[in-house]
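Report on the structure given below.
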Amino acid sequence: MRIAVFSTQSYDRTFLDEANADSRHELVYLQPNLNPYTMALGEGYPVICVFVNDVLDATVLRHLATHGLKLVALRCAGFNNVDLDTAAELGIKVVRVPAYSPHAVAEHALALILTLNRKTHKAYNRVREGNFSLERLEGFDLYGRTVGVIGTGKIGQVFCRIMQGLGCQVLAYDKYPAEALAAQGVRYASLPELLHASDIISLHCPLTPETHHIINAEALAQMKPGAMLINTSRGALIDTQAVVAALKSRKLGYLGIDVYEQEEALFFQDLSEQVIEDDTISRLMSFSNVLITAHQAFFTRNALEQIATVTMGNIDAFVAGKALAFEVGRD
Ligand code: NAD
């Protein structure tokens with residue numbers, strides 16, 4: 001099968017080639033993101049393989065459907081970038097990788113927390129320059145703190161256990177509480193209670209119309225003064241302008257994000273020699289208590305292997321006419 005692989009990075013090629021070592025599929029690697037401006041690149045491919053920032057809206061799907069598109073193979077878990085209604089109407093199947101390494105993302109959330117708290121990124125630079133002062137590097141014990149977890153699916157559950165292992169009290173909010181987690185000492189609470197009581201809040205729910213801007217000005221107002229907010233899920237869970245205002249007013253004490261509302265124009269590219277035109281991310285980068293990583297939470301060898309293997313398995317199943325175990329909406 002000929003497959004157009006959009007948003008290809010070197011590591012995608014490495015791991016997908018490994019999973020396709022017998023060359024049963026012809027993988028055509030394309031660097032650009034898929035969007036209405038680049039959709040012509042996907043013409044004539046029955047299968048396209050896409051990632052988090054590819055745009056599969058009605059325009060793109062309708063155009064590619066007229067050029068033979070039958071299957072969208074997401075190399076990620078989230079599918080908020082796909083217009084599923086239009087895909088269904090056009091008879092285009094959408095498959096994903098529902099779980100590759102919940103540990104990778106949960107551990108990255110912990111990395112953001114520890115870095116923001118203990119300022120190891122600043123200490124590293126200081127010591128390299130011969131500055132051994134501890135001034136302004138003070139942190140706080142995580143032990144005994146209350147951590148609020150919004151969304152306790154695969155990643156949220158791993159994250160809850162990690163934080164419990166550090167001696168934190170874990171509060172959780174989910175539309176569908178996980179009984180096993182409650183039995184292990186995680187206490188489910190309403191969203192207002194979680195916002196009010198947590199020292200650290202970490203977002204692990206998907207982006208849906210319901211969760212869009214779940215952290216807005218109103219939610220921020222309910223949070224503890226000086227609280228830490230962590231987002232490794234999707235940028236638009238947070239109203240970025242409201243968060244900037246909360247950082248400026250000192251209401252929000254720390255922000256750690258691996259995802260950003262307007263990340264499509266920035267992330268996964270080296271823009272170090274260019275002018276960054278996005279004033280909001282520039283403002284965020286100017287705060288000393290903000291830590292931004294560029295959607296790397298998933299980025300472990302284990303996860304990349306799993307993504308490539310499951311993606312190829314999804315495509316194999318489609319080509320063989322078998323049931324699609326990881327079809328979005330069915331898995
Ligand atoms: P999951 O489907 O296993 O869990 C999501 C949980 O969110 C579920 O328990 C669900 O009930 C809950 N939820 C849904 N709507 C909710 C709402 N309105 N309020 C509260 N809870 C709600 O997903 P997962 O595998 O744990 O992944 C979570 C998210 O992490 C994904 O949707 C994706 O956006 C993000 N993600 C990010 C990266 C990264 O590299 N940064 C990698 C993988 C996944």
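For the numbers below, each heavy atom of this structure counts, side chains included, while hydrogens, waters and symmetry mates do not. All ligand and atom numbering here is 1-based and tracks the order in the structure. Keep in mind it's a predicted model, so treat the numbers as computed, not measured.
- The aromatic rings of Phe298 and Tyr100 lie perpendicular to each other, with more than 60° between the two planes, well past the 30° mark.
- Using a 30° and 60° split on the angle between ring planes, His295 and Phe268 fall in the tilted class, from 30° to 60°.
- A side-chain donor-acceptor contact under 3.5 Å links Thr66 to the backbone of His63.
- Within the 4.0 Å heavy-atom criterion, neither part of Phe299 lies near ligand 1.
- Polar contact with ligand 1: absent for Tyr176 (N/O pair, distance under 3.5 Å).
- Under a 4.0 Å heavy-atom criterion, Ala99 is not in contact with ligand 1.
- Ring pair Tyr29/Phe6: centre-to-centre distance not below 6.0 Å.
- Considering each of Leu237, Thr300, Ile155, Asp174, the one bringing a non-hydrogen atom nearest atom 10 (C) of ligand 1 is Asp174.
- Donor-acceptor pairing under 3.5 Å is recorded for the side chains of Asp174 and Thr152.
- Distances from atom 14 (C) of ligand 1 to the heavy atoms of Pro206, Ala297, Gly78 show the closest one on Pro206.
- Proximity of Val105 to ligand 1, defined as any heavy-atom pair under 4.0 Å, is confined to the side chain (atoms from C-beta onward).
- For Lys175, heavy-atom contacts with ligand 1 shorter than 4.0 Å involve the backbone as well as the side chain.
- Only the backbone of Thr152 comes within contact range of ligand 1, with a heavy atom under 4.0 Å; no side-chain atom does.
- The proximity of His295 to ligand 1, defined as any non-hydrogen pair under 4.0 Å, is limited to the side chain.
- One hydrophobic cluster, built from ILVMFWY side chains closer than 4.5 Å, holds both Phe267 and Met285.
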